[in-house]
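Single-structure report; data block below.
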Amino acid sequence: MKFKTNNKIVLNHPVINDCLIFDLETDSLNTDEANIKFIGAYSYKNEKYYILSGKDIHKFQDLLNDHRILIGFNNKNFDNPILENNGFAINWKIVFDCYWVLYNPEKRKPNRKPIIKLKDGSILDSKAKTNSLRDISKALDFEVQKGDIDYKIFRKESWTKEEIKEIEHYLFHDIMLTRLLFEFYIDYFDTARDFVDDENISKLNYIRSSQGSFTYSGMCHECNLPVIFADGKKSEKYEGAFVLEADICRVDDGIYFDFTSLYPLLMTQCNLWSIAREGEPYWNGDDFFTTFGKYSINEMGVREKAVYKFYKQRKILKENKDPRELWIKIFLNALYGISSSPIFVSMFTPTTAKDTTLLGRQCLQYAVKIFNEYGLPVRYGDTDSCFVELNGHTKQYAMRIADLIVEELQEHFPFPVPEFQLKVDDFIKSIWFFGKKKFYIYINDKNKLVIKGLPIIKGNASMLGQKILDILKPQILENQDIKFKKVYIDGLVDKYLKEDIAVIGQIYNVKPITAYKGTSSIQAQISIAYGEGSYQFIANKKIGTIGKSKKYCTPEEARTLEVKDLCLDKFWNEITPFLYTK
DNA sequence: GCCTGGTGCATACC
DNA sequence: ACTGGTATGCACCAGGC
């Protein structure tokens, strides 16, 4: 069986010949008791595929001994422990788990999945619903796709010729898929190698690690600082951003402003990694701002210089459509996070993060004050941005005030840079607020509808809510209004519930039961009954084993329910922002 | 039985 | 191996009346 691959890039990687791709087929999903029935593998060194079974399985150790990097899909939590339980020695290997690259199941947080951009411009995170090899392969449009097999076949002790053929075909496909995914990573992250040192490259850390860790390596590399970690240390809690509470209102004609890279540029402009030595002249706010620390004003520090250099470099790379701009973008976003974490020894200074947020709050609050004073009411603000009502003034007027604000702020920075601006993010025709933070809807001057935060756009919104929103969206743009009559929505609800009562269902993502503190939470109940995973449930008053006050049943069980049995309160909460208030 | 406030959890915004 | 705080909504639970 042949398949295409981008040989040039693969051959160019300095450690490709250390790589061994593998996959196990076992008689159980429980790693403690699973026996290995088949092993599939591909060696880059030998340029060969392997399928081992029966008496030959032990020969896999020879392949292991011959390779430094072990590549699999979910091998960290599944294949590797099973290998060890079955007497294979792998403890010194570099574990490359194609699944962990996308998602960190321990922290229950996405890793690289949200930053992987596909050729059609979409993001892998939105194109692949789950992190399964099947969904990922589909989204990445691989020429080989995941096969199907009845897993009971692996519980047998012997197989017919046809069964062996089927198993080998299935296993071979899985190995090829893992190989394609691995090579996709090697290709996609190729330009990231420019930002890290040789050791990082040889361990493939620039692909495997979290974005914070990658940023740390990149900053250390740029600043000639050692990449060392301190373990066990937790960061102290400190205050974060300022969020301005919104009124319940609609505002027409306004501008959304935001500070350009607020946190990174505050760090550089205020030298926030460079604590002033005893007796040295220092900056601590210039009687305009307040700060926790005292910072050197003799010279911009190495870290600050590096951040500023990266910021300027990204601008140029972006203009030239150079893919390396993405890695700098990650640096700039993750910088503030790593600066607050003592584990990143070379980037940690105790006051850096809390002064970054403190100065950030003061910048935004100063902007709010000045806009208001100049007759431009600030209706909302969050961290580095604010929405300003034009109130009869021109856009140019508002933009001049924004420049004025920055000018005054920079008067008091020790190292002001011209890239720091209060820039227009969007010109807004109409915006709706709901008296809550982080919730708003607007239509911009290009007639684009933007919805932020509302329950209806969250992943755990009801299907019905999502469906009705899709119907409303074009009408919102046509009407230039988000409000609808209740009778109209009632009609849609009736129609969809009649078509399929399960449409009221919502998705619940649950962790393994061990991840929960107790057994009473709804997530723990689901986890006990169905195990880790993503499930749809219908809240109702009648059936289902999940739930104490409401009951939750599966879509199949819901077929016996009537509309009056359903709990629709979550749906109505989602849709309320779109209803006229009496 | 109803209300309240605290807590755990998921998911969003930045 | 290893980035942060702010915010909402939902469900559960204990304690008050």
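In the text below, chain A, chain B and the rest are named by the order of the sequence lines, each starting its count at 1.
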Think [X] has a side-chain N or O under 4.0 angstrom from the OP1 or OP2 of [N]?
X       : N       : answer
S520(A) : dC13(C) : yes
S210(A) : dT3(C)  : yes
Q525(A) : dC12(C) : yes
S549(A) : dC12(C) : yes

Using a 4.0 Å heavy-atom cut-off, does E239(A) contact any base of the nucleic acid, only the sugar-phosphate backbone, or nothing at all?
sugar-phosphate
Give N509(A) one of three labels, base, sugar-phosphate or nothing, depending on what nucleic acid heavy atoms sit under 4.0 Å from its own.
sugar-phosphate
Could you check whether F229(A) and the base of dC2(C) form a stacked pair, meaning centres closer than 5.5 Å and planes differing by less than 30°?
yes
Examine R112(A) relative to F214(A) and say whether NZ or CZ is less than 6.0 Å from the centre of the six-membered ring and inside a 45° cone about the ring axis.
yes
What parts of residues 377-386 of chain A reach DNA chain B, counting only heavy atoms under 4.0 Å away?
D382(A), T383(A), D384(A)
Stem finding on DNA chain C, please: runs of three or more consecutive Watson-Crick or G-U wobble pairs, both distances under 3.5 Å, sorted by first number.
B:1-14 with C:4-17
Counterpart residues, ring-ring contact (aromatic ring centres under 6.0 Å, His included), relative to Y99(A) (two or more places apart):
F73(A)
Taking side-chain hydrogen bond (donor to acceptor under 3.5 Å, both in side chains) as the cut-off, I'd like each qualifying pair that reaches into residues 531-546 of chain A, sequence neighbours left out, listed once.
N509(A)-S534(A)
Chain A contact limits on DNA chain B, taken 5' to 3' with a cut-off of 4.0 angstrom to heavy atoms
dG8(B) to dC14(B)
Could you check which residues of residues 428-441 of chain A get a heavy atom under 4.0 Å from DNA chain C? Sort them by number, please.
K436(A), K437(A), K438(A), F439(A)
